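These numbers come from a predicted model, not from an experiment. Both ligands and their constituent atoms are indexed starting at 1 by order of listing. We use all heavy atoms of the structure for the numbers below, so side chains are in, but hydrogens, waters and symmetry mates are not.
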Amino acid sequence: EEQEEDTLRELRLFLRSVTERLSRDRRFKAFTKPVDLEEVPDYITVIQHPMDLSTILSKIDLHKYVTAREFVYDMDLIWKNALEYNPDSDPADRQIRHRACALKDTVHAIIRDELDEDFNRICERIRDSR
Ligand SMILES: Cc1noc(C)c1-c1cc(NS(=O)(=O)c2ccccc2)cc(C(=O)O)c1
């Protein structure tokens, strides 16, 4: 009903603010757009579920997220994919893994610090009721 739509609107505003903050951070430039499959032709053979910040922003606007948990699942795909595709000890792989770990820690810290637990429980109950 109307209260549920108000709650989900507030969730979308919060998720957009988090996603836009991350997209402005220079450390996360490589995560802002899908990995270019022309630049990295074997990427799709290694990574089954590509994800990036622009895709997450589109999913927010398509009302794909009813809980922060679903949003964090996609955020986790970004850094997990980067760790999986870039495992080597060369400096380029090390640099993107460092950035992947920074993304993981930043997302989880923002959710811990800025998502109200009671608000989150209301979203989870809406999710369960659908
Ligand atoms: C992400 C990712 N996961 O595996 C790899 C490898 C990367 C990755 C991919 C690219 N090149 S790209 O053309 O696909 C691109 C450029 C700008 C934004 C988004 C993607 C660059 C870098 C980089 O570190 O600069 C990293």
Flag yes if more than 12 heavy atoms outside R16 fall under 6.0 Å of its CZ atom; otherwise flag no.
-> yes
Restricting to pairs with a member in residues 30-57, which pass salt bridge (Lys or Arg N to Asp or Glu O under 4.0 Å), not counting sequence neighbours?
-> none
For F119, does the CZ atom sit with more than 12 other heavy atoms under 6.0 Å from it, leaving out its own atoms?
-> yes
Salt bridge check: are E4 and R9 linked by an N-O gap of less than 4.0 Å?
-> no
In plain terms, say whether D76 and K104 are close enough for a salt bridge, that is, a side-chain N and a carboxylate O under 4.0 Å apart.
-> no
Do NZ/NE/NH1/NH2 and the carboxylate oxygens of E124 and R69 come within less than 4.0 Å?
-> yes
Distance filter under 4.0 Å, heavy atoms only, around ligand 1 gives K29, A30, K33, P34, V35, D36, E39, Y43, Y85, N86, I96
